[in-house]
Amino acid sequence: MKGQRLVLALVGGLLVAFLVTPIVALFTSATVSEVAAGFRHPLVWPALRLSLTTTSISLLVVVAFGTPLAWTLARRRGRLWQALESAIQLPIVIPPAVAGVALLLAFGRSGPIGSLLAGAGWSVTFSTTAVVMAEVFVSAPFFVQAATSAFRRVDPKLVLVSRTFGASPLRVFFRIALPLAAPGLGAAAAMAWARALGEFGATLMFAGNMPGTTQTLPLAIYTALEADLRAAQAISIALVVVAFCLLWLVRVTLRGSLEVA
Amino acid sequence: MSAFGRWWAAVLLLIALGCSRAEPDRELVIFAAASLREAFTALGKDFERTHPGVELRFNFAGTGELRTQLEHGAVADVFASADSLHMQELERARRVSSPVVFARNEPVIVVSKDATGTIQSLADLPRAERIVIGTPEVPIGRYALQIFDRAAPTLGRDFRARVEAKVVSRELNVRQVLAKVRLGEAQAGIVYRSDVAGLSDVGVVGIPAEINVVAEYPQAIVSGTSRPSLARDFTELVVSEVGRRALTNAGFSVRAR
């Protein structure tokens, strides 16, 4: 028994080491003054502000539209529904740069929707809206996937009983499904937010790279990398610190409810 | 446990197989700026024909990226850069020795189809609705700003400001600049002449020679290469008649010998 437990710990430990070593190297190969200089880099603050605003908005959009969709998907079993579920997962598989090209072709000036908008004198490319759209596109599938699993764990008998007692479908959704799935939904939202924060390829393609308007932290890191690895490293540390703090906060807040669930 | 153990052994075996890569007979690794892709790929075929048993492996990427890789010990035999500054830094760090300029590439204005009537010279550039240039951290972005500054005496002191007022994005590489103009998202951009060689879906406007900044492409053999003579053969092919023809076809200018 003990030996088996040791093997399991060793196997898991190897993966942890593999995942953590690069992050640790990011921190240890820079001196404190280099990191301080990195935080004072002119690219950092506008990019950090932009990243936090755009990911907050994209998270709101993803949760608002993704939750009802996930609840619907969780209760359907037909082949068409399965196909739909797979189709929604596609943005996870395609490389982000390809996602950016696809967004350009759909919403760019020559695309079917973009040309309509351009006719009205409106263009999304190169705007902060485009950054939010790219983030929603790449992060929503993660949320929908995890939220659907969370809703599937809601006991269908509870739903059935409430419906028998005359509760409306909306009431069942808000009073039964939502509270029961809340911890899973929280974790899903955290994952989607993390993906949006790290988004790079689709943003670069679709929104461009303009400080203050479309240059998010990952784009700022890449821009700095062209001139100076140290600066890029320092901004990366800023990104990792911000992401870790927020994910940890979510985990601490959810801990109580996760243990109950 | 035993099923799990067997499965785990299979994973380890796969990792081990992935690590032991079969080395070809003789292999030459060339790090080259992304803009050299076409010319160097053509030259590579030629090189493999004249050197049977030798396999060329190209790594095409942004010059800054390649420099970072070389500084961190990437294994390469030849480095061809789109910019002298990065090469000088590598020479100072003794990662390469005695770089030689083998080609020049001049920036041009690339114009989207719908704007070819509006933008016919550098002076027309501020009339574009949306301009895309490189970020100042990459060579093409630095050159663009230098060109706008050098235009001040003839086109007005505020020329750079008037152009920058229309800049909607500062892209990370020249291919992104070109893509946005080709798709019509931007009306004009600054790219290299080699980028637009053979393109028919965009307009190309030259920049007056007295204002233009010309990019120099140096190549050098990477220090500590295990195949110095093969590496020298390749750099000699690049500056040979065959090499110069391939580079000219790709839009580069080479000095007459």
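Fair warning: this is a prediction, and the values are worked out from it, not measured in the lab. Letters A, B, ... are given to chains in the order of the sequence lines, protein chains preceding strands, and every chain is numbered from 1.
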- Item | Side chain B:S169, main chain A:M210, donor-acceptor under 3.5 Å | no
- Query: Looking at CD of B:Q187 and CZ of A:R109, how far apart are the two atoms once the value is rounded to the nearest 0.5 Å?
  - Reply: 7.5 Å
- Is it the side chain or the backbone of B:E185 that comes within 4.5 Å of chain A heavy atoms, both, or neither? both
- Note on the structure: Exactly one candidate in B:E171, B:E137, B:R170 meets side chain to side chain contact (heavy atoms under 4.5 Å, CB included) with A:T223; the answer is B:E137
- Item | For chain B, which residues of residues 125-134 of chain A have heavy atoms nearer than 4.5 angstrom | A:T125, A:F126
- Do other residues, nucleotides or ligands put more than 12 heavy atoms under 6.0 Å from A:E85 CD? yes
- Heavy atoms of other groups near A:F244 CZ, more than 12 under 6.0 Å: no
- Any donor-acceptor N/O pair, B:K180 side chain to A:F206 backbone, under 3.5 Å: no
- Message: Rounded to the nearest 0.5 Å, what separates atom CG in B:N173 from atom OH in A:Y222?
- Response: 9.0 Å
- So how far is it from A:S110 OG to B:K113 NZ, rounded to the nearest 0.5 Å? 12.5 Å
- Task: Could you pull out the closest heavy-atom pair between B:L172 and A:L219, with the gap in Å?
- Result: CD1-O, 4.5 Å
